[in-house]
Every structure is written in C-alpha cells, then in structure tokens.
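Values below: all heavy atoms of this structure, side chains included; hydrogens, waters and symmetry mates excluded. Index from 1, following the sequence. Predicted model only: the values in this text are computed from it and were never measured.
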Amino acid sequence: MTSTVIYEGELRTVARHLQSGTEIETDAPTDNQGKGERFSPTDLVATALGACMATTMGIKTREMSVDLRGMKLSVQKIMAADPRRISGVNVVFDFPDGQVFDEKTKTILERIAHTCPVMYSIHPDMEVKVDFHWNTEVPA
C-alpha cells in the first residue's frame, strides 16, 4: 500500500503516506461546495504533474552536474464542467537569476519534463501547456 485516506466529513480528507507518515489534507474547492481551505484532489493532480517534472529534471541534472535549486514552477489547473474534470494544466518554469543553460541542456531538461511519469499517466484529452522561462545571460 502507498497511502490511506480518511474522510473526515465536511468534504475534507486526510491522506497519510505510509512509508513516511506525512499527511496531506484536502478540501473540496469553493466552486464545488467546499471550503477551499486546502488543496483539492484535482489541485493535487495538477500539482503532482509539476512536482514530477521538477523531480525528474533534478534526477537527470545530478549526472549532468547542473544545479536547479531555486527553480520555481507555477501550476494552473483548468476545469471543465460536463463531466466535471481537469481539462488542462499550464506549467510555467522560472529559473533564478544567474542560472543560464546552454541549448543542449535546455533541450534535455525540456524533454525530461515532458516525459515524466505523471505526464505519461494523465489522460491524453487533458491539454498540458508548458512554458520555460530560460534566463538568457548571466547578470554582470
């Protein structure tokens, strides 16, 4: 088993990761009768995509001697109504000032991001847009 999920009522769950014991609480979103005080389950799906992209890029950069520390991903989930589902996810990568990569490294990292396990696991009808904001020069 990977996790347990307990429904606490009031549209809230508590998920426990069995290996580490860490917990994540979820709420239904405000546009679906919830309080929106925590990640919604669909927020977690979209966020998992971004986290998976960053993690697999981090794995690859270990062998490349490239440091991605400080890389920030902004994730936007887009919902559809009938049936209610995630219809799209937008992911924007921003790199800290001073992190500049050559074209070969950029190509490798973009390919890794687009082929992470979560990307391969989402439904092909879900539109995923990814934008990399690469720095172009090292500040003086």
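Scored by the salt bridge (charged side-chain N to carboxylate O under 4.0 Å, His left out) test, R85 finds no partners at all (sequence neighbours excluded). Residues satisfying the salt bridge (charged side-chain N to carboxylate O under 4.0 Å, His left out) test with D94, not counting sequence neighbours, are none.
K35 and D27 make their closest contact through CB-OD2, 4.1 Å (heavy atoms, listed as atom of the first residue, atom of the second, distance). For the pair A15 and V5, the tightest heavy-atom approach, listed with the atom from each and the gap, is CB-CG2, 4.1 Å. Counting all heavy atoms, side chain and backbone alike, V89 lies closest to I86 at CG2-CG2, 3.9 Å. Between A54 and M71, the shortest heavy-atom distance links the atoms CB-CE, 3.7 Å.
Grouping Ile, Leu, Val, Met, Phe, Trp and Tyr by side-chain contacts under 4.5 Å, direct or through others, puts M1 with L18. Taking a 4.5 Å side-chain heavy-atom cut-off between Ile, Leu, Val, Met, Phe, Trp and Tyr, the cluster of I59 contains only that residue. The hydrophobic cluster containing I24 also includes F39, L44, under a criterion of side-chain heavy atoms closer than 4.5 Å among ILVMFWY residues, counted directly or through chains of members. L11 forms part of a hydrophobic cluster together with Y7, judged by ILVMFWY side-chain heavy-atom separations under 4.5 Å.
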Please report the C-alpha distance between R16 and T22 in whole Å, then the side-chain angles of each, then the deciding distance to 0.1 Å, and finally whether the side chain to side chain contact (heavy atoms under 4.5 Å, CB included) criterion is met. CA-CA 6 Å; R16 175 181 285 264; T22 58; over 6 Å; no

Please assess I108 against K104 for the test side chain to side chain contact (heavy atoms under 4.5 Å, CB included), listing each intermediate value before the final yes or no. CA-CA 6 Å; I108 291 168; K104 179 180 177 184; 4.0 Å; yes

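F95 and W134 have parallel rings, their planes meeting at less than 30° on a 0 to 90° scale where 60° marks the start of perpendicular.
Applying the 6.0 Å contact sphere to CD of Q19 captures no more than 12 heavy atoms from other residues, nucleotides or ligands. Few gaps surround NZ on K106; more than 12 heavy atoms of other groups in view lie less than 6.0 Å from it.
With contacts defined as side-chain heavy-atom distances shorter than 4.5 Å, the pair M57/V66 does not qualify. Side-chain contact between L109 and L68 is present, with at least one heavy-atom pair separated by less than 4.5 Å. Two residues are said to be in side-chain contact when any heavy atoms from C-beta on lie closer than 4.5 Å; P117 and T56 meet this criterion. Counting only heavy atoms from C-beta outward, the side chains of N32 and M79 never approach each other to under 4.5 Å. Residues R12 and E37 meet the side-chain proximity criterion, which asks for heavy atoms closer than 4.5 Å.
Atom CE of M119 and atom NE2 of H114 lie 6.0 Å apart (nearest 0.5 Å). A distance of 11.5 Å separates CD in E110 from OG1 in T115, rounded to the nearest 0.5 Å. Between the NZ atom of K129 and the CD1 atom of I78 there is a distance of 6.5 Å, given to the nearest 0.5 Å. Note that SG of C116 is 8.0 Å distant from CD1 of I122, once rounded to the nearest 0.5 Å.
No option in E127, Q76, K77 other than Q76 meets the side-chain hydrogen bond (donor to acceptor under 3.5 Å, both in side chains) test with N90. Applying the salt bridge (charged side-chain N to carboxylate O under 4.0 Å, His left out) test between R38 and each of E10, E25, E8 identifies E25 as the sole match.
By the 4.0 Å N-to-carboxylate-O rule, D67 lies close enough to R69 to be salt-bridged with it.
Note: the hydrophobic cluster containing M53 does not contain V92 (ILVMFWY, side chain heavy atoms under 4.5 Å, direct or indirect links).
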